[in-house]
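Here the structure comes first, spelled out in structure tokens, and everything after it is commentary.
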Amino acid sequence: MTRNDLPGKEEKDVRSLNFIEQIITEDIRTGKAGGRVHTRFPPEPNGYLHIGHAKSICLNYGLAEKYNGLYNLRFDDTNPLTEEVEYVESIKEDVRWLGYDWEDRLYYASDYFEILYEWAGKLIKKEKAYVCDLNAAQISEQRGTPTRPGIESPYRNRTIDENLDLFRRMRNGEFRDGQRVLRAKIDMASPNMHMRDPVMYRIIHVAHHRTGHDWCIYPTYDYAHGQSDSIEGITHSICTLEFEVHRPLYEWFIRELDIFPSRQIEFARLNLSYTVMSKRKLLQLVKEGHVNGWDDPRMPTISGLRRRGYTPESIRYFSDRIGVAKRNNVIDVALLEHSVREDLNVKATRVMAVLNPLKVVITNYPAGEPEEVDAVINPEQPELGKRKVPFSREIFIEKDDFMEDPPRKFFRLAPGREVRLKYAYIIKCEKVLKDENGKVAELHCTYDPATRSGMPEANRKVKSTIHWVSAQHAREVEVRLFDRLFLNPDPEEIEEGKDFKSNLNPDSLKIVRGFISSGMEGARPLDKFQFERTGYFCVDTESTSRNMILNRTVTLRDAWTRYEKTNNTKSTRPKTGK
RNA sequence: UGACCGAUGGUGUAAUGGUAGCACUGCAGAUUUUGGUUCUGCCUGUCCAGGUUCGAAUCCUGGUCGGUCAACCA
């Protein structure tokens, strides 16, 4: 599946553009910016990228591709207090992994510090900016509130020369952190708080990850972002909703500076059910050890999803499916799961693995005479052909595939019943052996030699087909069964006095020992497989040849479990009042 | 008690004054050597009240509900 080949994309192109596409289409029609489309993804290198960022990346870059434009990667690195190269590297890796190539258009806001400084001087000369000696608390105090206008700074009417001199000395390092700031001179009575003489520069005597000690004054987001867009010729500067109130300021700087007019467009950020998305909360989960790092497969980070077994294609498909609008949304995580299943169904090699073994002895099968049967590599890709799988007298099947006293809708193995062993024979359960606790320990079955797959008798109808692994050929592996990180679709829905972590799912990770036989020789980290009837799995990055580790990406859709669940719920679990 | 933004099935998203469509979820059925995939069918929706119009999800007015904004964060 290539990027422009997403299912559903074509019908979508015929009609129904999202609101941003409509704006772009209109801008192209009217010849704005010469009909050019140029977007950017502007992360701050202070954390890891998550699925919400993926939405933004796919949106920004997808739009550029769709309209034959260009896209940049630009690090918004204007705050040396929180930013680090480590994050720059992980972000680049994640964007590249998603399948996007920014070619030579990798930029940093810090590339523009010099021209930004110059432009600030220009604003001072226009009497549109001034140096203010108030401290942070005073500025905040004087800014007023959303319902009450602010008051003007006593330093607001300094002369141009005095401002120029002070600003130069700020840069020269003559003042302490926080001693003075440069402010835009706009309107302290504006109903928009961001127009009340916002800070443009602050003094921070800290080394910057790229510019080192060259600077001790740093531009704020509002002063740096729009100008960076303008410098790069960004036509459509797409950001999230909370920046909507910044737009008048974004446009004010561009107008006063008389530079290329990039246009800011806001969309609603992604929220996903059963997870949290804020960097702060994600960081908390990592720091407090609720997960094992940023790339823990349960995390909604790009690196976590990658390690979980998600493919770039599945994430791009997902981004395309969720759409773009301005209203707040919560996407059902089931759509994300659907997206990987759809991709992996076509790609993943099928393999049989038993995760919860029950030993079966086929009493009429010769001992010490294993044979090989043919297994399909991927029914969605018949051209891939078949693979040999060893079969023998003693095998493991899944505990869940046997019930001593089955309900009517249970089609699998039970005393006296027949099932088909996939790719092999039909067997019949003759005897149930139990341990001292009365638990089922082993099954004795007989097989029908005439039902070997491929033979005419094999077409006999049986109610179900189960997977298996030959005991003598079985290789033990570690299997990590992941589930949703939170129990509540909205982790923020909490009782008084508790926080979102009280909604953590205690069973989000279960580690079991499973058995595989053949088909996974030479598998490398992140290789993906379907364990037939069970789910999609990928080789973990910590997997070694001695201890192979498989991560469950997602289960297969499962009508039986669903049926079982709804029925158990009714009989065994008392309803909690609602 | 301000300004700005938003409101379409359970969840998302289209329809831009002319048949409310698509996807996910759920349910039912067909096919199936994966209770997978595929296919078919079904359930469920325009926040409320007025107005304009032959005709309103769409335009207007008022309300309701939700979100954003008072970092020298981005």
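Proteins get letters first, then strands, A, B, ... in listed order; numbering begins at 1 in each. Source: prediction; values computed, not measured.
A/A268 comes within 4.0 angstrom of nothing in the nucleic acid, heavy atoms only. Using a 4.0 Å heavy-atom cutoff across all strands shown, A/F243 reaches at least one base atom of the nucleic acid. Contacts of A/L272 with the nucleic acid, taken as non-hydrogen atoms under 4.0 Å apart, are absent. Heavy atoms of A/S190 sit nowhere under 4.0 angstrom from any nucleic acid atom. Among the atoms of the strands shown, base atoms are found under 4.0 Å from some heavy atom of A/T145. Counting non-hydrogen atoms under 4.0 angstrom, A/Y218 reaches nothing in the nucleic acid. In this structure, A/N192 reaches neither bases nor backbone, as no heavy-atom distance under 4.0 Å exists between it and the strands shown. Note on A/I139: a base of the nucleic acid sits closer than 4.0 angstrom, heavy atoms only. When heavy atoms are screened at a 4.0 angstrom cut-off, A/Q530 is found touching base atoms of the nucleic acid.
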Under the side-chain contact (heavy atoms from CB on, under 4.5 Å) rule, what do A/N135 and A/I139 come out as? Steps first, then yes or no, please.
CA-CA 6 Å; A/N135 63 38; A/I139 289 178; over 6 Å; no

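Below the 3.5 angstrom threshold, one finds a donor paired with an acceptor across the side chain of A/R412 and the base of B/G35. Within 3.5 Å, a donor on the side chain of A/E380 pairs with an acceptor on the base of B/G36, or the reverse. Side-chain to base pairing of A/R350 with B/U34: one donor and one acceptor N or O lie within less than 3.5 Å of each other. Scanning atom types as modelled, no donor and acceptor separated by under 3.5 angstrom connect the side chain of A/H194 and the base of B/A70.
No side-chain donor from either of A/N378 and A/K347 sits under 3.5 Å from a side-chain acceptor of the other.
Nearest to the side-chain atoms of A/V181 among the listed nucleotides B/G36, B/C72, B/U68 stands B/C72. Residue A/A559 has its side chain nearest to B/G35 when only B/G35, B/U34, B/A14 are considered. Here B/U11 is the nucleotide among B/U11, B/U34, B/G6 with the atom lying nearest to any side-chain atom of A/D332. Listed nucleotides: B/U68, B/C5, B/A74. Nearest to the side chain of A/E244: B/C5. Checked against B/G12, B/C69, B/A7, the side chain of A/V245 finds its nearest nucleotide in B/C69. Counting only heavy atoms from C-beta on, A/N345 has its side chain closest to B/U37 among B/U13, B/C69, B/U37. Comparing B/A74, B/A70, B/U11 against the side chain of A/E83 picks out B/A74 as the nearest. Nearest to the side chain of A/Q22, among B/C69, B/A7, B/A15, sits B/A15. The side chain of A/R533 has B/U34 as its nearest neighbour among B/G12, B/U34, B/C73. Considering only side-chain atoms of A/T147, the nucleotide from B/C72, B/U33, B/U1 that sits closest is B/U1.
Electrostatic pairing of A/D187 and A/R196 does not count as a salt bridge here, judged by no charged N lying under 4.0 Å from a carboxylate O. Between A/E337 and A/R484 there is a salt bridge, since at least one side-chain N of the basic residue sits less than 4.0 Å from a carboxylate O of the acidic one. At a threshold of 4.0 Å, the pair A/D229-A/R40 counts as salt-bridged, since one of the basic side-chain nitrogens sits closer than that to a carboxylate oxygen. Between A/K388 and A/E372 there is no salt bridge, since no side-chain nitrogen of the basic residue lies less than 4.0 Å from a carboxylate oxygen of the acidic one.
Aromatic stacking of A/Y563 on B/G35: not satisfied for centres closer than 5.5 Å together with planes under 30 degrees. For A/W560 and B/G35, the ring-to-base geometry satisfies the stacking test (centroid distance below 5.5 Å, interplanar angle below 30°).
Exactly one residue among A/Y112, A/Y117, A/Y201, A/F113 makes a ring-ring contact (aromatic ring centres under 6.0 Å, His included) with A/Y223. That residue is A/Y201.
Of the side-chain N and O atoms in A/R452, none sit less than 4.0 angstrom from OP1 or OP2 of B/U33. The shortest distance between the side-chain N/O atoms of A/R557 and the OP1/OP2 oxygens of B/U37 is below 4.0 Å. The phosphate of B/A71 (OP1 or OP2) has a side-chain N or O of A/S140 nearer than 4.0 angstrom. For B/G67, neither phosphate oxygen OP1 nor OP2 lies less than 4.0 angstrom from any side-chain nitrogen or oxygen of A/R269. Contact between the side-chain N/O atoms of A/R247 and the OP1/OP2 oxygens of B/C5 is not found at any separation under 4.0 Å.
For B/C65, the paired nucleotide is B/G6, the pair qualifying as Watson-Crick or G-U wobble because both relevant distances are below 3.5 Å. Nucleotide B/G21 has B/U13 as its partner under the Watson-Crick or G-U criteria, with both atom distances under 3.5 Å. The partner of B/A71, taking Watson-Crick or G-U wobble pairs whose two distances both stay under 3.5 Å, does not exist in any strand shown. Base pairing analysis places B/G45 opposite nothing; no Watson-Crick or G-U wobble pair with both distances below 3.5 Å involves it. In a base pair of the Watson-Crick type (N1 to N3 plus N6-O4 or O6-N4) or a G-U wobble (N1-O2 and O6-N3), with each distance short of 3.5 Å, B/U58 is matched with no nucleotide. With a cut-off of 3.5 Å on both Watson-Crick or G-U wobble distances, the partner of B/U1 is given as none. Here B/U31 sits opposite no nucleotide as a Watson-Crick or G-U wobble pair (both hydrogen-bonding atom distances under 3.5 Å). Remark: B/U37 base-pairs with no nucleotide; criterion is Watson-Crick or G-U wobble with both hydrogen-bond distances under 3.5 Å.
Rounding to the nearest 0.5 angstrom, the gap separating the CD1 atom in A/I124 from the NZ atom in A/K185 is 11.0 Å.
In textbook terms, a nucleotide whose glycosidic angle is within 90° of 0 is syn, and B/A71 is one such case.
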